[in-house]
**Student:** 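Please see the structure below; I have some questions.
Here is how names work: the chains are called A, B, and so on, in the same order as the sequence lines, proteins then strands, and each is numbered from 1.
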There are 2 protein chains.
Amino acid sequence: MAKATRPSERREEALSRERIVAAAIELLDDEGDNGLTFRGLATRLATGSGALYWHIANKSELLSAAADAVVDRALSELRPARDPREAMRDVALGVYDAIDAHPWVGAQLSRAPWGTAVLRILERVGRQVQALGARGGAQFTAASTLLTYIIGGSIQNAANGRLLDPSVNRADFLDTVSTRWQQLDPNEYPFIRNVVAVQLPTHDDRAEFLAGIDLILAGIATSL
Amino acid sequence: MAKATRPSERREEALSRERIVAAAIELLDDEGDNGLTFRGLATRLATGSGALYWHIANKSELLSAAADAVVDRALSELRPARDPREAMRDVALGVYDAIDAHPWVGAQLSRAPWGTAVLRILERVGRQVQALGARGGAQFTAASTLLTYIIGGSIQNAANGRLLDPSVNRADFLDTVSTRWQQLDPNEYPFIRNVVAVQLPTHDDRAEFLAGIDLILAGIATSL
DNA sequence: ACCTGAACACCGTTCAAGT
DNA sequence: ACCTGAACACCGTTCAAGT
C-alpha cells in the first residue's frame, strides 16, 4: 500500500502545455520577440524540440497562449474602482503596463484581433462604457474607439522601449531625437519642430496615454 | 559623336535602390508579410540575392523604405479640404486606406515609431490640431491621441483583412463570429454577447473608424 | 563599381525510432 | 502516450570570385 511514486526529486516534472507556455513567456521576456525558438525552448525545458509539438500545434498557437496568459493575469489583478471613469482608466493602464512589461504581447494582439485576449479587454471596456451611460449604437462605437486607442497606444509605447539598448538612458535618447527634429525643414515640418520636438524631452508617455483616454471619455460625454 | 548607348532593349535596367524597393512593395502586396524574401526578390529582379546588399543594408531597411514610400504616396494624394475637421478626417482615412491596401505597412509603422512615415503622419495631424484652435500642451496631447488612434485603428483593420482567405466572404465571417460570441457565458461576457455580437454583422469598419475620430475631435472641442 | 551564387548559421516543422 | 533528435525545406547575410 506504500506509494510507489516519490515526491519529485531534483529532476523536472513531465512536460505540459502550461509548463511550455510559462517557459515561453520567460524566454520572450528575457530575449525579446525573436528570442522564442523551439530549439531554445526545448533546451530550457531539457527536452527535444519535437516533444513540444505533442502539446502545442505550432508557434502561432504558442504565442497566442502566452499572450492570453499575460492579458488574463493583468485583467484579473484589477482592483474594484470607485466609478466607471476610474475603472476605465484602470483597465487602460492595466493593459498598458502589461504590454510595457511584456512588449511581445503587443504584436500578438494585433496579429489576433479576434482572439481571447482582445475579447476580454473589449468586455471590460464595454462594461464601463455602459456604466457611463452610453446607449444603443453609441456603446459599440465608444467601446471600439477606446479598445483601438488602448491597444494602439500600448503597442506604440512598447515599441519605443524596444528601440533603446538598456545602456542608453531614456532622457538622453529623447534629447537626441528632440535636437534632430528641431533641425528639420521649417516649411515641411513646422508642427514637429515647434511643438513635438519642444515638448518631447519633458513629456511622460504614461501620463500622455492617460490624457488620451480622458479626451475620448470627454468626447463620449458630449453625446450622452 | 554618335551615342554609344542604345535605348534599353528588352532587358532589365541596372539595379537601383528605387527598383528594389518598388519590387519589394509588389512582392509584399502579392504574397503578404512573409512573402518578402531576398531570394524571391532576387528572382523577380533577375539577379543574385547578394546583389541586393550592394544597394540596401538589410531587410529591416528595405521594409522601412517600402513603408515610407507607401505612406508618402498616400499623404501626397490628399486633396485640400474645406476645414480642419474635414482635413483631419481625410488624413485619417488616407492612412487607413493605404494600410488596408498594403497591410504589411501597419506592422512596419509599429516597429519604427520614430521613423519618417510616422513623423509625416504626425505633422499632418498636428497642423489640423492647431487649425482647430488647440494651444500649448493640449496640442501635443490632442495630436498624439489622434496619431495613436489612427495608426492603431488602421493596423487592427488590416489585421482583420489578413485573417480571411479571399474565398470566405466578409459577411459570412462576421455572421460566424457573431453566432459564436452570442453563445459565450452570459455572466462572463455580457457586453460582448448583448452588444458586440449583435451589432457585428451590420457594422461598417471604416465608418466606425471615422466615428472614433469624431469622438476624439468632440473631446478636443470640449477643452478649447 | 557592381553583380553572382555558394556557404554559413540559423529557423519551424515532421517523423521514424525509441521508451 | 509521450519523448528524442536527425532530417527537410526554408531563411538573412556574408564573401570570394567574377565582370
**Student:** Measure the distance from CH2 on B:Trp54 to C1' on C:dG5 and round it to the nearest whole Å.
**Tutor:** 17 Å

**Student:** When you measure from the side chain of B:Ser64 to the backbone N and O of B:Ser60, does any donor-acceptor pair fall under 3.5 Å?
**Tutor:** no

**Student:** Rounded to the nearest Å, what distance is computed from the CD atom of residue A:Glu31 to the P atom of nucleotide C:dC11?
**Tutor:** 11 Å

**Student:** Write down the atom of B:Val118, the atom of B:Ala112, and the distance for their closest heavy-atom approach.
**Tutor:** CG2-O, 3.8 Å

**Student:** Using a 4.0 Å heavy-atom cut-off, write out nucleotides 12-19 of chain D from 5' to 3' as B (base contacted by protein), S (sugar-phosphate only) or - (no contact).
**Tutor:** BBBB----

**Student:** So, does A:Lys59 use its side chain to make a donor-acceptor pair with the main chain of A:Leu36 at under 3.5 Å?
**Tutor:** yes

**Student:** Could you write out DNA chain C as a dot-bracket string, with dots for unpaired bases, | for bases paired across to another strand, and Watson-Crick or G-U pairs counted at under 3.5 Å?
**Tutor:** ||.|||||...|||||.||

**Student:** CG of A:Leu15 versus P of D:dG5: gap in Å, rounded?
**Tutor:** 13 Å

**Student:** Within this structure, what is the CG-to-C1' distance between A:Leu45 and D:dG5, rounded to whole angstrom?
**Tutor:** 16 Å

**Student:** How are the rings of A:Trp114 and B:Phe173 set relative to one another: parallel (under 30°), tilted (30 to 60°) or perpendicular (over 60°)?
**Tutor:** perpendicular

**Student:** Could you tell me if A:Ser178 and A:Gln182 have a donor-acceptor pair between their side chains, going purely by distance under 3.5 Å?
**Tutor:** yes

**Student:** Do A:Arg111 and B:Asp33 sit within salt-bridge range, that is, some charged N less than 4.0 Å from a carboxylate O?
**Tutor:** no

**Student:** Return yes if some donor-acceptor pair links the side-chain N/O of A:Tyr149 with the main-chain N/O of B:Gly152 below 3.5 Å, else return no.
**Tutor:** no

**Student:** Please state how far atom NE2 in B:His55 lies from atom P in C:dC2, giving the value in whole angstrom units.
**Tutor:** 7 Å

**Student:** Which pair of heavy atoms, one from B:Val198 and one from B:Arg193, lies closest together, and at what distance?
**Tutor:** CG2-O, 3.7 Å

**Student:** To the nearest angstrom, how far is B:Asn34 atom CG from C:dC11 atom C1'?
**Tutor:** 13 Å

